[in-house]
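Encoded as structure tokens, the structure appears first; notes follow it.
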There are 2 protein chains.
Amino acid sequence: MSPDLITRLKEAGIQPSAQRLAVAGYVLQTDAHPSADEVMSEVQANFPMLSRATVYNTLNLFVEKGLLRQLVLAEGKTVFDPCLEPHHHFIDEESGRIEDVPWDAVKVGDVKGLKGYEVHEYMVVMRGRKLGGSRMSKKR
Amino acid sequence: MSPDLITRLKEAGIQPSAQRLAVAGYVLQTDAHPSADEVMSEVQANFPMLSRATVYNTLNLFVEKGLLRQLVLAEGKTVFDPCLEPHHHFIDEESGRIEDVPWDAVKVGDVKGLKGYEVHEYMVVMRGRKLGGSRMSKKR
DNA sequence: GTCAAACTTTGGATTATGTCTAAATCCGAA
DNA sequence: TTCGGATTTAGACATAATCCAAAGTTTGAC
């Protein structure tokens, strides 16, 4: 899988490096919507030679090159989402966890036609409680 | 109009005070979606005896008592919106300005019925360019 | 292989946003 | 007037994120 990552970075116009691959290996393959801090902890577990500045540099670079999306949905935390397809978001009010909601799960009418605005992108942001799921909150 | 504000605060269970009224006079009657910092500057222009701590205390109190809604939509900034009706938001990508979009302007299908989730509230967040409107950006 | 230029990483300083605390102040009721 | 609770305040603290200049690494030309 590492070779794949190298290819993806190169295709995005990013020079691969050990640090960038380590970050990519986590953040491009998670659905956990991690914050910069969480990315740093996760990656440092296996790859300790990684500074905070590099984490921010790398995440910002990935966003700029279109490998990641940056979301600001909740209290003071910027999180990153590797899912590039348009989709919606659900925020669990108890845990703060963010989940992707498939585009087709929610029908939205005629946003692009809103007059007075040229809408480039949009999403539905939902807040509430996750049912049943029983996935215990792995808290930060 | 001041008497009205006093009444609103009291009805919300908030003891009026000079500082609280000054903050209310601005933040409850603007559609500018100000951040805490902007609230402080605006209010201090006419009412200099107001500390940063009080601005935060007051805004948080208003949110808690339901006079304001707190939104986290863009780049690390928490903003406040006195519009209590459900509505959507449009973010101008150039200026960063946030505008309210009436609930009925965008049809959203069947969110509450999303299975697996109990959705308490939701909104559509749109990004793009404001057309024509010619309202010049009164910059921060 | 060697070297220089360009790129990448780094720790620490810096900025920005927001919270906390303890002391001072204000205000209403007895 | 005095008491006690609520409110305000300055400044300390916490946290997220950026900036910076020095050090390390890679690359390609020779």
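Naming convention: chains lettered A, B, ... in sequence-line order (proteins, then strands); numbering from 1 in each chain.
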Compare side-chain N and O positions of B:S17 against OP1 and OP2 of D:dT8 and report whether any pair is under 4.0 Å apart.
yes
Check the distance between D:dT8's P and B:M40's CE and give it to me in whole angstrom.
15 Å
Produce the list of close N/O pairs, under 3.5 Å, pairing protein atoms with atoms of nucleotides 23-27 of chain D; give distances to one decimal.
none

Under-4.0 Å side-chain N/O to phosphate OP1/OP2 contact, A:R52 with D:dT18:
no
Per nearest nucleotide of DNA chain D, the residue lying toward the 5' end, A:T78 or B:V55, is B:V55
Determine to 10° how strongly the helix from C:dG1-D:dC30 to C:dA30-D:dT1 is bent, judged from the axes of its five-pair ends.
10°
Taken to the nearest 0.5 Å, the spacing of B:Q29 CD from B:L5 CG works out to 5.0 Å
Atom pair OG/CG of B:S41 and B:L50 - distance to nearest 0.5 Å
10.5 Å
For D:dT18, does either OP1 or OP2 sit under 4.0 Å from a side-chain N or O belonging to A:Y56?
no
Listing time: all N or O pairs from protein to nucleotides 20-23 of chain C that are below 3.5 Å?
none

Does D:dT8 have OP1 or OP2 sitting under 4.0 Å from an N or O in the side chain of B:S51?
no
So CD1 of B:I98 and CZ of B:R127: to nearest 0.5 Å the spacing works out to 8.5 Å
Kindly compute the distance separating CG (A:N60) from CD (A:E64), expressed to the nearest 0.5 Å.
8.0 Å
